[in-house]
Amino acid sequence: MSWTNRWLAAGAMAVAVLAAPQVAQAGVVVSSSGPSAGNYPVGRQIGTNDRIVLRDGDTLTVLQNGGTRVFRGAGTYVLSQASASSTNTGFQRLTTQRAASRARTGAVRGPGDTGGAPSNPSLWYVDVSTAGTRCLPDPENVRLWRGDTQADSTYALVAEGLSEGPVDASFRAGEALAIWDINHPPVAGHTYRIGHGSGASAVEVRFVFLDAVPATPEELAATLIANGCTVQLAQLASATEVTE
């Protein structure tokens with residue numbers, strides 16, 4: 001083959017690659033409830049042409065191509081018949097790791113909030129009012145978040161199974177964030193009780209620290225599911241919801 005023919009063939013191949021349609025990714029179930037929930041457990045993958053059959057009372061949330069879609073029964077649905085992709089920016093806002101110098105800020109509203117009580121704006125902020133396992137990127141950069149910023153408030157962070165005493169985290173009036181003491185970072189696998197005074201209303205939180213943060217919503221959802229970080233999975237689903 002001459003150099004001219006080779007150049008023409010290479011050019012034709014490049015054009016063919018650019019013109020090829022983008023392959024839609026399989027969806028992953030991030031939430032399901034109702035009579036058919038057993039058929040669609042959290043973490044199940046659904047192909048783009050698989051039939052989703054729901055009954056009255058069913059609600060199914062599927063993450064695909066960077067956005068979540070909510071299907072409500074009764075009915076039969078196919079992912080390929082929904083919007084092909086999402087330009088939702090909620091994922092970027094939710095997973096951006098902010099500089100430590102910006103940690104002590106006032107109350108902020110989460111993606112899509114238009115009023116009412118503020119919601120946790122970051123996947124990496126630990127809500128002091130919500131129990132559960134948290135997947136975080138760094139044990140030495142843990143930020144605590146609260147929704148009510150009206151008054152000064154100090155929380156005791158008590159580790160079960162460790163010899164160290166409680167660590168305090170203080171919020172000043174008007175501030176939504178407090179930094180966990182970097183000299184006593186949380187330890188993966190241990191339960192921490194976060195609360196005031198006697199701890200009667202304390203919430204229990206466990207930590208999983210990720211070797212690397214997945215780059216796509218689908219990969220991150222799979223990581224959260226595998227580690228039992230259901231609170232953050234719900235945050236992710238809400239922030240990336242697509243309005244059809």
Side-chain angles (χ1 to χ4, degrees), residues 17-97 110-112 119-120 122-125 127 130-137 188-189 206-244:
V17 170
L18 291 174
Q22 183 178 5
V23 178
Q25 298 178 347
V28 57
V29 176
V30 296
S31 176
S32 63
S33 63
S36 303
N39 297 329
Y40 301 99
V42 171
R44 173 179 169 176
Q45 288 196 339
I46 299 178
T48 56
N49 294 314
D50 291 347
R51 295 170 69 240
I52 301 171
V53 181
L54 302 180
R55 293 183 284 172
D56 285 334
D58 283 332
T59 300
L60 180 70
T61 304
V62 180
L63 175 63
Q64 184 203 28
N65 290 345
T68 52
R69 291 173 176 82
V70 180
F71 301 94
R72 294 181 173 86
T76 299
Y77 308 91
V78 179
L79 292 179
S80 62
Q81 295 175 355
S83 299
S85 63
S86 169
T87 57
N88 195 301
T89 59
F91 177 71
Q92 286 75 21
R93 291 197 299 268
L94 192 68
T95 57
T96 297
Q97 297 181 47
S119 61
N120 189 344
S122 173
L123 208 68
W124 314 127
Y125 293 165
D127 186 344
T130 307
T133 301
R134 299 300 199 285
C135 293
L136 299 178
R206 291 171 63 87
F207 294 99
V208 174
F209 296 105
L210 306 176
D211 294 330
V213 176
T216 68
E218 291 79 11
E219 292 171 333
L220 181 54
T223 297
L224 297 176
I225 292 168
N227 288 288
C229 298
T230 56
V231 172
Q232 290 160 294
L233 183 65
Q235 278 183 271
L236 177 63
S238 177
T240 57
E241 184 172 344
V242 175
T243 300
E244 302 290 356

Can you give me the closest heavy-atom contact between Asp58 and Gly34, atom names plus distance?
OD1-C, 3.1 Å

Can you tell which of Thr230, Leu233, Val42, Thr240 makes a side chain to side chain contact (heavy atoms under 4.5 Å, CB included) with Val30?
Leu233

Is any side-chain heavy atom of Ile46 closer than 4.5 Å to one of Tyr40?
yes

What heavy-atom pair brings Ala131 and Val231 nearest, and what distance separates the two atoms?
O-CG2, 3.5 Å

Is the closest side-chain heavy-atom distance between Val213 and Thr95 below 4.5 Å?
no

Under 3.5 Å donor-acceptor, Gln235 side chain and Ser122 backbone:
yes

By side-chain contact (heavy atoms from CB on, under 4.5 Å) - contacts of Ala222 (at least two apart):
none

Ser36 side-chain N/O to Leu54 backbone N/O, donor-acceptor pair under 3.5 Å:
no

Look up atom OG1 in Thr130 and atom CG in Asn120, then write down how far apart they are to the nearest 0.5 Å.
8.0 Å

Using a 4.5 Å cut-off on heavy atoms from C-beta on, say whether the side chain of Arg69 contacts that of Val62.
no

Got a donor-acceptor contact below 3.5 angstrom from the Arg44 side chain to the Asn39 backbone?
yes

Looking at Ser32 and Pro41, what are the two nearest heavy atoms and their distance?
OG-CA, 4.4 Å

Can you tell me how far apart CG (Leu79) and CZ (Phe71) are? Round to the nearest 0.5 Å.
5.0 Å

Would a distance-only check, ignoring hydrogens and angles, find a side-chain to backbone donor-acceptor pair under 3.5 Å from Glu218 to Gly27?
no

Specify the closest pair of heavy atoms between Ala221 and Val28, including all atoms of both residues, with the distance to one decimal.
CB-CG1, 4.4 Å

Is any side-chain heavy atom of Pro137 closer than 4.5 Å to one of Leu210?
no

Quick one: does Thr133's side chain get under 4.5 Å of Val208's, heavy atoms only?
yes

Here the gap from Gln232 atom CD to Leu136 atom CG, rounded to the nearest 0.5 Å, amounts to 6.0 Å

Heavy-atom pair of closest approach, residues Leu224 and Cys135
CD2-CB, 3.8 Å

